[in-house]
**Student:** 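Structure below; questions to follow.
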2 protein chains.
Amino acid sequence: MELVQIYQCFCDPTRLRILHLLTQTSLCVCHFQEVLDEPQVKISKHLAYLRARDLVETKRSGNWIIYSLPSRRSAELELNLQCLQDCTVTDPVFRKDQQRLTRLQAKCCEPAGVFAKESNPFKIQ
Amino acid sequence: MELVQIYQCFCDPTRLRILHLLTQTSLCVCHFQEVLDEPQVKISKHLAYLRARDLVETKRSGNWIIYSLPSRRSAELELNLQCLQDCTVTDPVFRKDQQRLTRLQAKCCEPAGVFAKESNPFKIQ
DNA sequence: TGACTATATTCCTGTTAAAGTATGTAGATT
DNA sequence: AATCTACATACTTTAACAGGAATATAGTCA
């Protein structure tokens, strides 16, 4: 039952928040840190957990490791990600994360932004 | 995040099979035993786990304790139960459970069935 | 090469949980 | 009252996991 693995990944609040962000955009670890306001080791280990169970994929770009949802997803995963998105709409935690992500994207992509150059994770995808 | 509790309940195969059956009908512990072919203590403890997190409700009827999904469900739970049902359609384990449940219901409800009397859990609901 | 940045891994600790064995309990039956 | 049936709980063992602190590594830049 592949389903169980999906739910194991879903059953931690930090991982849920990570997955919620990934339904919006790919992200590198430091941006997860910033949006979720959690220590690097915590983020990194939850990402490793998700990666070991094929819920995320990685791509290196210079010093960054860009995390994204798998390009090819099983029907079960697709359904559950959609369901998760429906559930996050009303929850304050997810909404706040969403706002912080939007602000981070704006900051990084404005002309004088910290990551305004070619190395901007939001532009790599 | 109530969502996490839902996923914690969903992240064990036995509990998933229990919940899948409950989306079809209410059941007593001995019927879970029969359909899932698992020891009583295992079923009982997983039901206690679900009950402690408000994923199932109980009703006593003589010697039986009838388990069912909560009559009032949060939007999150409703969405995830629906998603679970969608995911179970293709999985062989759930399909087999479904068949065993159907056979059990038939056996219990035929005129000379073991539980053909007023005490039939399938008739209490 | 050496320093720096972003990220991963190892080690440790406490917590949760899964499964089995044995035992307890509430209600029904005799 | 004694027994039976259906179910629950306590206890034990083992494993998984979460979090923090410290350390390692891979790529970049001067």
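All of these numbers come straight from a predicted model, not from anything done at the bench. In what follows, chains are A, B, ... by sequence order, proteins preceding strands, each numbered from 1.
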**Student:** Please state how far atom CD in Gln8(A) lies from atom P in dA17(C), giving the value in whole angstrom units.
**Tutor:** 13 Å
**Student:** Of the nucleotides dG27(D), dA8(D), dA17(C), which one has an atom closest to the side chain of Ser44(B)?
**Tutor:** dA8(D)
**Student:** Expressed as a whole number of angstroms, how long is the span from Tyr49(B):OH to dA10(D):C1'?
**Tutor:** 19 Å
**Student:** Could you tell me whether Arg51(B) contacts a base, only the sugar-phosphate backbone, or nothing, with contacts defined as non-hydrogen atoms closer than 4.0 Å?
**Tutor:** nothing
**Student:** Measure CG/Leu47(B) against C1'/dA18(C) and give the value in whole Å, please.
**Tutor:** 15 Å
**Student:** Can you tell whether the side chains of Glu34(B) and Arg100(B) come within less than 4.0 Å, N to carboxylate O?
**Tutor:** no
**Student:** Could you give the CG-to-P distance, from Leu50(A) to dA8(C), as a whole number of Å?
**Tutor:** 12 Å
**Student:** Consider the side chain of Pro39(B), meaning its heavy atoms from C-beta on, and name the nucleotide among dC17(D), dG20(C), dA19(C) that approaches it most closely.
**Tutor:** dG20(C)
**Student:** With a 4.5 Å cut-off on side-chain heavy-atom distances among I, L, V, M, F, W and Y, is there a chain of contacts connecting Val41(B) to Ile43(B)?
**Tutor:** no
**Student:** Classify the angle between the aromatic ring planes of Phe32(A) and Tyr67(A) as parallel (below 30°), tilted (30 to 60°) or perpendicular (above 60°).
**Tutor:** perpendicular
**Student:** So what does Tyr67(A) hit on the nucleic acid, given a heavy-atom distance under 4.0 Å: a base, only sugar-phosphate, or nothing?
**Tutor:** sugar-phosphate
**Student:** Can you see if the side chain of His31(A) gets near the phosphate of dA6(C) - specifically, an N or O under 4.0 Å from OP1 or OP2?
**Tutor:** no
**Student:** Hey, does Val41(A) reach any base, or is it just sugar-phosphate, or nothing, if we go heavy atoms under 4.0 Å?
**Tutor:** base
**Student:** Send over the distance from Phe10(B) CZ to dA18(C) P, rounded to a whole Å.
**Tutor:** 15 Å
**Student:** For Glu38(A) and for Asn63(A), find the nucleotide of DNA chain D with the closest heavy atom, then tell me which residue's nucleotide is more 5'.
**Tutor:** Glu38(A)
**Student:** Side chain of Trp64(A) only, heavy atoms from C-beta on: which candidate in dA18(D), dT7(C), dC11(D) is closest?
**Tutor:** dT7(C)
**Student:** Determine whether any donor atom in the side chain of Lys45(B) lies under 3.5 Å from an acceptor atom in the base of dA19(C), or the reverse, and answer yes or no.
**Tutor:** yes
**Student:** Distance check needed: dT15(C) P versus Asp12(A) CG, whole Å only.
**Tutor:** 17 Å
**Student:** Please answer: with hydrophobic residues joined when any side-chain heavy atoms are less than 4.5 Å apart, are Val4(B) and Leu21(A) in the same cluster?
**Tutor:** yes
**Student:** Start at the 5' end of DNA chain D and walk down; is the nucleotide closest to Thr14(A) or to Gln40(A) reached first?
**Tutor:** Thr14(A)
**Student:** Closer to the 5' end of DNA chain C via nearest nucleotide, is it Lys42(B) or Arg60(A)?
**Tutor:** Arg60(A)
**Student:** Looking only at side-chain atoms of Val29(A), point me to the closest of dA19(C), dT7(C), dA18(D).
**Tutor:** dT7(C)
**Student:** Is it possible for you to say whether Tyr49(A) and Ile18(A) belong to one hydrophobic cluster, with membership spreading through side-chain heavy-atom contacts below 4.5 Å?
**Tutor:** no
**Student:** Could you please spell out the steps behind the side-chain hydrogen bond (donor to acceptor under 3.5 Å, both in side chains) verdict for Ser74(A) and Glu2(A)?
**Tutor:** CA-CA 9 Å; Ser74(A) 68; Glu2(A) 181 213 342; 3.1 Å; yes
**Student:** Nearest whole angstrom, please: distance from the C1' of dC17(D) to the CZ of Arg53(A).
**Tutor:** 9 Å
**Student:** Give the rounded distance in Å between these two atoms: CD1 of Ile18(B) and P of dC7(D).
**Tutor:** 12 Å
**Student:** So, OP1 or OP2 of dA17(C): does either fall under 4.0 Å of a side-chain N or O from His46(B)?
**Tutor:** no
